[in-house]
Amino acid sequence: MSLPPKIKLYTHTACPFAQRVWIALEASALPFEKVEVNLYGSGGFDKSKLKQVEVQGGLSAKGYIPVMTIGDEVIRESSVCVERVAALSASVDGAVSLLPEDPRRAEALVRLCNSLPKSSSSRELDELIQQADSILATSTFLAGERFSVADACLLPFLQRVESDLPSSSKHVKAYMARAHVLPAFAKTVVSSWWWWW
C-alpha cells in the first residue's frame with residue numbers, strides 16, 4: 001500500500017460523465033480537489049485553461065470534462081477516469097476499493113451505458129435498465145455485494161431517468177432508493193443537471 005497521490009478533478013456539476021468520476025472519488029475516500037470549469041463563458045477556470053492542462057499532460061486540447069490529474073498524469077474520458085480511481089483505491093492506504101467483485105459484469109454494464117444514444121429514451125436504455133433490474137434481483141450492487149466502478153458509472157444515468165422507470169423495474173427502483181442515502185452518491189446529486197451531452 002502507498003500514500004495517495006495529488007488528485008484534481010476538472011468538472012462541471014451538471015454533467016453526468018463528470019458526476020461518474022466525482023462519485024468514484026467520493027466512494028473511494030481518496031483525497032482530491034475539485035475544480036469547477038466554466039464551460040459557457042469567460043472568467044474563472046474556463047475551457048481555455050482546461051485545454052492547457054490537457055496539453056501539459058500530453059493530450060490533444062479538447063476542453064471536454066471530465067479531466068483528472070493524478071500527480072503529473074492527465075486522464076480524460078469518464079469511464080477511464082473511474083477505472084483509474086478504482087486501481088488507485090486498491091493500492092492506497094485508507095482508500096475503499098472500487099474494484100468489482102464481478103469484473104466481466106461491470107465491464108459489460110459500463111460498455112452498454114457508454115453506448116447509450118444522447119436521448120432520455122431508447123432501446124439501449126431500456127436494455128440497460130432490464131439488465132440492471134435482473135442483476136439487482138440477486139445482488140445489492142451492480143457487480144456484486146459492494147459498491148464498484150459499475151455503480152459509479154451507471155448511477156448518474158439511472159438518476160436522470162429515475163422518475164420514468166417502468167413499474168416492472170422494482171429492483172432498480174429499490175437500488176436507487178438505497179443509492180440516494182449513500183454519501184458518495186448523495187453528495188453529487190444537484191438540482192440542475194443535463195440529460196446527456
Side-chain angles (χ1 to χ4, degrees), residues 4 7-9 11-34 36 65-66 68 70 78-114 116 120 125 128-166 169-196:
I7 301 172
K8 268 190 189 181
L9 172 61
T11 185
H12 189 286
T13 56
C15 173
F17 296 98
Q19 186 182 4
R20 285 174 151 184
V21 186
W22 187 12
I23 292 168
L25 286 165
E26 292 290 347
S28 72
L30 289 166
F32 69 100
E33 177 186 348
K34 204 167 75 148
E36 283 289 324
I65 55 167
M68 184 173 67
I70 302 171
S78 63
S79 55
V80 174
C81 291
V82 170
E83 288 290 339
R84 187 67 177 93
V85 169
L88 277 173
S89 72
S91 64
V92 171
D93 287 333
V96 177
S97 177
L98 297 185
L99 295 176
E101 293 172 51
D102 188 335
R104 284 186 290 194
R105 182 190 300 165
E107 183 182 335
L109 287 170
V110 172
R111 188 177 337 107
L112 182 57
C113 188
N114 287 346
L116 291 174
S120 61
L125 179 60
L128 178 68
I129 292 168
Q130 288 171 4
Q131 282 190 27
D133 199 66
S134 176
I135 290 164
L136 293 165
T138 59
S139 180
T140 305
F141 293 101
L142 291 168
E145 293 306 310
R146 67 173 186 258
F147 192 92
S148 75
V149 294
D151 304 286
C153 285
L154 270 67
L155 274 170
F157 299 94
L158 293 174
Q159 171 203 341
R160 283 158 174 77
V161 297
E162 185 175 6
S163 61
D164 298 321
L165 287 169
S169 301
K170 65 181 182 182
H171 303 294
V172 173
K173 288 180 178 189
Y175 168 75
M176 291 306 297
R178 292 191 310 272
H180 280 288
V181 298
L182 292 173
F185 176 60
K187 189 172 187 177
T188 72
V189 176
V190 294
S191 59
S192 177
W193 37 263
W194 305 322
W195 284 94
W196 273 264

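Heads up: numbering here begins at 1 and tracks the sequence.
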Please give me the minimum heavy-atom distance between Ile129 and Leu165, naming the atom from each residue. CD1-CD2, 3.7 Å
Minimum heavy-atom separation for Ser78 and Phe17, please, with both atom names. CB-O, 3.2 Å
Do the side chains of Glu26 and Phe185 get nearer than 4.5 Å, heavy atoms only? no
Could you list the donor-acceptor pairs under 3.5 angstrom formed by side chains in residues 171-183, with sequence neighbours left out?
| unit_1 | atom_1 | unit_2 | atom_2 | d |
| --- | --- | --- | --- | --- |
| Tyr175 | OH | Asp151 | OD1 | 2.7 |
| Arg178 | NH2 | Thr140 | O | 2.7 |
| His180 | NE2 | Glu162 | OE1 | 2.8 |
| His180 | NE2 | Glu162 | OE2 | 3.3 |

Which value, rounded to the nearest 0.5 Å, describes the distance between Cys153 atom SG and Leu98 atom CG? 10.0 Å
Taking the side chain as every heavy atom from C-beta outward, state whether Pro100 and Arg105 have any atom pair closer than 4.5 Å. no
So do Pro66 and Leu9 actually touch side chain to side chain, heavy atoms under 4.5 Å? yes
Does a donor on one side chain sit under 3.5 Å from an acceptor on the other, for Ser169 and Asp133? no
Working to the nearest 0.5 Å, report the span between CD1 of Ile23 and OG of Ser28. 12.0 Å
Quick check on Lys170: does its NZ atom have over 12 non-hydrogen neighbours (other residues, nucleotides or ligands) under 6.0 Å away? no
What distance separates Cys113 SG from Leu128 CG, expressed to the nearest 0.5 Å? 5.5 Å
Just by distance, no angles: are the side chains of Gln19 and Arg160 close enough, under 3.5 Å, to form a donor-acceptor pair? yes
Could you tell me the separation between the CD1 atom of Ile135 and the CD atom of Gln130, rounded to the nearest 0.5 Å? 12.0 Å
What residues form a side chain to side chain donor-acceptor pair (under 3.5 Å) with Ser148, not counting sequence neighbours? none
Using a 3.5 Å distance criterion without hydrogens, assess whether the side chain of Ser134 forms a donor-acceptor pair with backbone atoms of Gln131. no
Residues passing the side chain to side chain donor-acceptor pair (under 3.5 Å) test with Glu101, sequence neighbours excluded, are none
Could you tell me whether the side chain of Val189 reaches within less than 4.5 Å of the side chain of Gln159, counting heavy atoms only? yes
Look up atom CZ in Phe141 and atom CG in Asp102, then write down how far apart they are to the nearest 0.5 Å. 15.0 Å
Do we get Lys187 above Trp22's six-membered ring, with its NZ or CZ under 6.0 Å from the centre and within 45° of the axis? no
Please report the shortest heavy-atom distance between Val96 and Ala27, naming the atom on each side. CB-O, 3.5 Å
Side-chain touch Met68/Val85, heavy atoms, less than 4.5 angstrom: yes
Using modelled atom types only, decide if a donor and an acceptor are shared between the side chain of Ser139 and the backbone of Gly144 within a distance under 3.5 Å. yes
Can you tell me if Arg146 uses its side chain to pair, donor with acceptor, with the backbone of Leu99 under 3.5 Å? yes
What's the shortest heavy-atom distance between Ala29 and Gly94, and which atoms? CB-O, 4.2 Å
The test is salt bridge (Lys or Arg N to Asp or Glu O under 4.0 Å); show your working for Lys34 and Glu36 and say whether it passes. CA-CA 6 Å; Lys34 204 167 75 148; Glu36 283 289 324; 3.7 Å; yes
Once rounded to the nearest 0.5 Å, what's the spacing between atom CG of Leu30 and atom CD1 of Ile7? 4.5 Å
Any side-chain heavy atom of Leu155 within less than 4.5 Å of one from Thr188? no
